[in-house]
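As the structure lists them, so they are numbered: ligands from 1, and atoms in each ligand from 1.
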Amino acid sequence: MKGFNRKEGQLFIDDVSLKDIAKKFGTPVYVYSANKLKENLNNYVSSVRKEDKVCYSVKSNSNIHILSLLSELGSGFDVVSGNELRRCLEAGAKPEDIVFSGVGKTKEEIRLAISAGIFSINIESEEELERIINISKDLKKQAECTIRINPDLSSESHPYIQTGLKTSKFGVLKEKVDSMARKASESGSVNLKGIASHVGSQIFDKELILENLNLLIEISTHLTKQGHNLRYLDLGGGFGISYQEEKELKIDEVLTEIISVLEPLNLNLILEPGRSISGNAGVLLSKVEYLKKTPDLNFAVIDSGMNDFLRPSLYQAWHDISVVETKDKKELFYKVVGPVCESGDTFGEERLLSLDENSILAIHDAGAYGHAMSSNYNSRLKSSEILIEDEEIKVIRRRETFDDLLRQERDV
Ligand code: LLP
């Protein structure tokens, strides 16, 4: 069976036992299913037309081996920093398949993007447009751009992952677009090819996506009437995934609907999915260090902490936690916590688990915003990452060592 599956109580990716992976490579360790990544990308690619672009959002999981895998399957990339852009190029991505968003692009990052010839710099402010014009003139090379609109639309996700509100730092309000488009076109050095907008993350509401689409169509039609030659609408990412029991949108159905609207308008689509490609393709494996009892609670203290996986602490996000090998022992309610010196270093409250010391736990749906958001807090070493495809086990990042940790402080 492909992807995650349980056989006789044991958790597998394809035919590889995760218990064996933990034993062989140690914990904490992130383990990804290549087949799941492929399936998730394919959900998008098979639902759009050849001229549309699916640009995987690198911030969700930027391991270069994952980027190479997705690039080979025809994915484009959405980057948010010069180094993410460089990762993609190293991974073999074509510059013309890369879009670059971000409110704080430095001069060096803009220079890199224009020189590399990426598909689009998504402009986030009038000030950034000014900077792009100057740099493209200096380089004597046209900058390919879209303007990122702040749609002022609210989603119901956690406030930290909402990006489309008027009060958020992202994009420009639609009142600004006319003058910016004029300025871009008068500069002679910016090719404005479309309009972009990302409503936020964990979106389950199709109407919100369609509202964003209609807003972009309205702006794009208006600008076209003014003589601008816009061909692309970038709808961003944000398709929600089910961490608990959320009802996911059917990607193919939503995209078919979007494309049927765009087709007569002669507009192409760009998408920037992150979590819906990498999220359910990864787990974090951790070992139980202690089962600690207090009068009120049973704690399972595990060997990964908020430095390894921040989502539960930062967003109070739910992630399923299961034992990689189920046993007949009695189930108890546990508060699952890490070793980091913060009370917020908690992965779940009241989780019904059958544990003993040394049990291996899988924290599920950790492929997106997992390792990518990890840190060295408490001088903890960053975990390794493993990619599994069929029977092939590939270490795609080795575990950090104490020497790695001190290198930048010693080599000064
Ligand atoms: N495009 C843009 C412009 C974005 O800002 C984002 C995410 C994406 C695409 C990808 O969104 P996705 O398809 O993954 O939802 N650390 C948070 C998520 C922050 C997302 C920021 N922007 C989390 O762990 O939930």
So [Y] and [X], do their side chains get closer than 4.5 Å, heavy atoms only?
{"X": "Asn61", "Y": "Tyr32", "answer": "yes"}
{"X": "Ser383", "Y": "Arg399", "answer": "yes"}
{"X": "Val254", "Y": "Phe239", "answer": "yes"}

Please indicate whether any nitrogen or oxygen in [X] is less than 3.5 Å from any nitrogen or oxygen in ligand 1.
{"X": "Tyr369", "value": "yes"}
{"X": "Ser57", "value": "no"}
{"X": "Gln202", "value": "no"}

Considering the heavy atoms of [X], write down every atom of ligand 1 situated less than 4.0 Å from one of them.
{"X": "Asp78", "value": "1 (N), 9 (C)"}
{"X": "Met373", "value": "16 (N)"}
{"X": "Arg275", "value": "12 (P), 13 (O), 14 (O), 15 (O), 18 (C), 23 (C), 25 (O)"}
{"X": "Gly238", "value": "11 (O), 12 (P), 13 (O), 15 (O)"}
{"X": "Ser201", "value": "11 (O), 12 (P), 15 (O), 20 (C)"}
{"X": "Gly274", "value": "12 (P), 13 (O), 14 (O)"}

Does Tyr315 come within less than 4.0 angstrom of ligand 1, counting non-hydrogen atoms of the residue?
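Contact check Tyr315 vs ligand 1: positive.
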Quick one: does Ser276 get a heavy atom under 4.0 Å from ligand 1?
no
Name the residue from Lys36, Lys38, Lys394 that meets the salt bridge (Lys or Arg N to Asp or Glu O under 4.0 Å) definition with Glu389.
Lys38
Lys193 with Glu144: basic N within carboxylate O range, under 4.0 Å:
yes
Could Lys206 and Glu253 be called an ion pair, given the rule that one side-chain N must be under 4.0 Å from one carboxylate O?
no
Closest approach of Leu67 and Phe77, non-hydrogen atoms and distance?
O-CZ, 3.4 Å
Check for me whether Arg311 meets the cation-pi criterion with Tyr243, that is, NZ or CZ under 6.0 Å from the six-membered ring centre and within 45 degrees of the ring axis.
yes
Looking only at heavy atoms, is any part of Glu272 under 4.0 Å from ligand 1, and if so is it the side chain, the backbone, or both, or is it neither?
both
